[in-house]
Amino acid sequence: MIPEFLISFNTGTLPCEEMDFLVIGGGIAGLSAALELKSFNTAVIYKDGISETCTYNAQGGIACALGRGDTPRSHWEDTMATGCGIADPEAVEILVNEGVDRMRHLVESGLVFDGTKGEFHFTREGGHSCSRILHIEGDSVGRNLMSFLYSKATSEKNLKIFHSHFLIDLLSAENRITGALIYDGKNKRIFVARAKAFILAAGGAGNLFQETTNPSGITGDGMSVAYRRGAELADLEFYQFHPTTFYLAGAPRFLISESVRGEGGILKNARGERFMPDYHVSGELAPRDVVTRAIIDHMKLTGTNCVYLDLSGIKDNLPKRFPQIYSFCMNYGIDIRKSMVPVRPAAHYFMGGIKTDMWGKTSLENLFACGEIACTGVHGANRLASNSLLEGLVFGSRAGRKAAEKSGMKIGRNDIKYNFPQRADILIDREDLKRSIRSLMWRNVGIEREEAVLTTAIRKFDDWKKYAFLKEFSDITGFEALNMLIISSLITEAASPRKESRGTHFRRDYPAENNSEWKKHIIVSRNGFRIQD
Ligand code: SIN
């Protein structure tokens, strides 16, 4: 029922461009991969611009065991504990050890983290047993990191960077990925990119949910493309909700970094009562899923749609320590030095994604994936705060190095003619379809789930697919709507059989972890679902 490709095309008549490597997405993972490929003819494409990447918008920082008394072993233990029994020990080992080397390399190359007299300043976030988070200009790690990596990439003569380029589909010949169908939004044309290997680093899928911290272009397109081409995806039932995003009618769901709580911010309900110590010994620094559900409880208890962050106990100079948060809230008349900030949870990070090995290799030949789009197994059922930038750095670079081994290959051909199996044209309001997907996901497949509501969602998605998949769109909004429908329904179908609660997957009808049956992964491909230890 799901179309193989989103449009009709004939590679014989489309313009074609050849390169050694194509990197799709240029956040920390994509640029780390691309920099490993700088001696080859490599292109990096962005769907939008750099400020629309999740990396650019990151606030908290990068977790890394660089502090006195801290060790990669301790970081490994915290990551494994947060992953709730299904994080991959080998992947985590690579993350925490290579992470130290890669961070040292960044510092040696000139990236300056906050600190004084040659000592880094570390902040603390939930699930970490010590202060381990490095940051830049307070809460501006993302934009500093992006401009550092982006200027390195743009100064490499072999790396070509293109904005407003959208991946519609991947093409294959004899089971290897040989091409990509790209929509170039600036010149309004579709072309085929042929390369020796392709690296998907296009980020997560926050916009599958009504409330999200992600920029609006993050719609799971790369995962949908890989799935339609036959790649395996894993752990799709695990989606992390960030407990504290700004909540005021009409304002974007701007992230209020966990580091605010790490520095002493307190959560209060609408009655002004602190509640987190009733839920967890770590209070406001409990794991994110615990804080998120506690907030939902208190929104219900007080009949309100938000709770509040009280920053009055933070000793630091707030405008200096959290410049972005300070100025954002000020725009809405909230001075964080004096007033509490209204917050509520929002979809934040996808632990699931395209299944890869430790080198970013997917189940398809010549296709690599890294960063949030990939599932290396490093996060298991829940991601430890501030581990994702480190993951992008470590596994992006690994994917780039592995892909480089293909440099001696010939670029494959892909003579494909495809006719979209279209029926009589029907009208589909793309924005309405997207809105409907987002609100169904938020209501039925969000923070708390149960069988009946999951089944309702699966039925609704099936109904929508019956007509939406018959439509051949010719614009990005239409492509996104179909990609969102595909990934949303896969998440829902993966959430239904996992009849237990683990990490971010909370089932009201099965509130306990079931280790005898579910210390396992759910893998999906076009061939269906399978369970793997
Ligand atoms: C935050 O700053 O709270 C987000 C950090 C993260 O998601 O790792």
Side-chain angles (χ1 to χ4, degrees), residues 27-28 54-83 92 95-107 111-116 118-146 148 213 240 242-245 255-265 282-288 291 309 311 314-318 320-326 348-349 371-372 378-379 382-394:
I28 190 169
C54 284
T55 301
Y56 184 92
N57 290 282
Q59 291 180 8
I62 309 188
C64 188
L66 282 171
R68 274 178 213 275
D70 194 6
T71 58
R73 180 73 203 167
S74 160
H75 190 184
W76 183 91
E77 280 163 5
D78 292 345
T79 304
M80 291 300 293
T82 304
V92 180
L95 175 82
V96 297
N97 288 307
E98 283 186 24
V100 169
D101 302 336
R102 301 232 63 88
M103 285 291 282
R104 286 211 174 106
H105 178 68
L106 275 186
V107 172
L111 185 63
V112 180
F113 288 91
D114 290 346
T116 42
E119 296 267 327
F120 299 121
H121 177 267
F122 295 94
T123 198
R124 185 141 183 194
E125 291 184 333
H128 288 277
S129 53
C130 64
S131 295
R132 178 181 289 141
I133 322 297
L134 291 106
H135 48 95
I136 307 179
E137 286 180 8
D139 56 9
S140 310
V141 70
R143 53 187 66 192
N144 281 284
L145 192 53
M146 272 310 283
F148 182 82
T213 60
Q240 184 176 75
H242 196 290
T244 56
T245 59
L255 184 71
I256 307 293
S257 174
E258 187 158 327
S259 51
V260 164
R261 280 174 279 132
E263 305 280 333
S282 303
E284 276 75 8
L285 288 184
R288 279 185 187 169
V291 182
L309 255 175
L311 313 190
I314 302 182
K315 300 275 173 299
D316 270 352
N317 173 346
L318 286 174
K320 183 154 182 280
R321 176 64 186 86
F322 299 108
Q324 284 195 64
I325 295 173
Y326 172 75
H348 184 57
Y349 187 89
E372 189 173 347
V378 98
H379 307 300
N382 201 358
R383 178 182 62 99
L384 184 64
S386 288
N387 261 358
S388 44
L389 292 177
L390 194 69
E391 184 196 16
L393 198 60
V394 169

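Taken from CG in L389 to CD in E391, the straight-line distance is 10.0 Å, to the nearest 0.5 Å. Rounding to the nearest 0.5 Å places CZ of R261 at 11.0 Å from CD1 of I314. We find the CZ-OG distance between R124 and S386 to be 13.5 Å, quoted to the nearest 0.5 Å. Going from atom CZ of R104 over to atom SG of C64 covers 8.0 Å, rounded to the nearest 0.5 Å. L111 CG to H105 NE2: the interatomic distance, rounded to the nearest 0.5 Å, is 11.0 Å. Note that CZ of F113 and CD1 of I133 are 11.5 Å apart. Values are rounded to the nearest 0.5 Å.
In this structure the side chain of L134 reaches within 4.5 angstrom of the side chain of F122, judged on heavy atoms. Looking at F322 and L311, their side chains never come closer than 4.5 Å, going by heavy atoms from C-beta outward. The shortest distance between side-chain heavy atoms of V291 and E258 does not fall below 4.5 Å. In this structure, E284 and L309 have side chains that are not in contact, with every pair of non-hydrogen atoms separated by 4.5 Å or more. At a threshold of 4.5 Å between non-hydrogen side-chain atoms, the residues H121 and T116 do not count as touching. Looking at heavy atoms from C-beta onward, R321 lies in side-chain contact with S259 at the 4.5 angstrom threshold.
Between L318 and Y326, the closest heavy-atom pair is O-CB, 4.5 Å. Nearest heavy atoms, D114 versus G138: OD2-N, 2.8 Å. Across all non-hydrogen atoms, the minimal contact from N382 to T82 is CB-O, 3.1 Å. Here the shortest heavy-atom pairing between V378 and V92 reads O-CG2, 3.5 Å. Nearest approach of P323 to D139, heavy atoms of both residues: CD-OD1, 3.2 Å. Between I256 and H242 the shortest heavy-atom distance is O-CE1, 3.7 Å.
For the side chain to side chain donor-acceptor pair (under 3.5 Å) test, residues two or more places apart in sequence or in another chain that qualify with T79 are N387. Considering only residues two or more places apart in sequence or on other chains, E125 meets the salt bridge (charged side-chain N to carboxylate O under 4.0 Å, His left out) condition with none of them. In this structure Y349 satisfies the ring-ring contact (aromatic ring centres under 6.0 Å, His included) test together with H379, sequence neighbours excluded. Qualifying side chain to side chain contact (heavy atoms under 4.5 Å, CB included) partners for R143, counting only residues two or more places apart in sequence or in other chains: Y56, S140, Q324. Here S74 pairs with D70, T71, D78, S129, R132 under the side chain to side chain contact (heavy atoms under 4.5 Å, CB included) rule; sequence neighbours left out. In terms of the salt bridge (charged side-chain N to carboxylate O under 4.0 Å, His left out) criterion, residue partners of R102 (sequence neighbours excluded) are, by chain and number, E36. For N317, the side chain to side chain contact (heavy atoms under 4.5 Å, CB included) partners two or more places apart in sequence, or in a different chain, are P319, K320. Remark: E98 engages R398 in a side chain to side chain donor-acceptor pair (under 3.5 Å) (not counting sequence neighbours). In terms of the side chain to side chain donor-acceptor pair (under 3.5 Å) criterion, residue partners of T213 (sequence neighbours excluded) are, by chain and number, H348. Applying the salt bridge (charged side-chain N to carboxylate O under 4.0 Å, His left out) criterion to R73, with sequence neighbours excluded, gives E77. Residues satisfying the side chain to side chain contact (heavy atoms under 4.5 Å, CB included) criterion with V112, sequence neighbours excluded, are absent altogether. For N97, the side chain to side chain donor-acceptor pair (under 3.5 Å) criterion is met by E93, not counting sequence neighbours.
Remark: side-chain polar atoms of Q59 are paired, donor with acceptor, to backbone N or O of L255 under 3.5 angstrom.
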Report the C-alpha separation of L393 and L106 in whole Å, then their side-chain angles, then the decisive distance to 0.1 Å, and conclude whether the side chain to side chain contact (heavy atoms under 4.5 Å, CB included) test is met. CA-CA 10 Å; L393 198 60; L106 275 186; 3.9 Å; yes
Walk me through whether F148 and I136 qualify under side chain to side chain contact (heavy atoms under 4.5 Å, CB included). CA-CA 12 Å; F148 182 82; I136 307 179; over 6 Å; no
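Side-chain atoms of E372 and S388 include no donor-acceptor pair closer than 3.5 Å.
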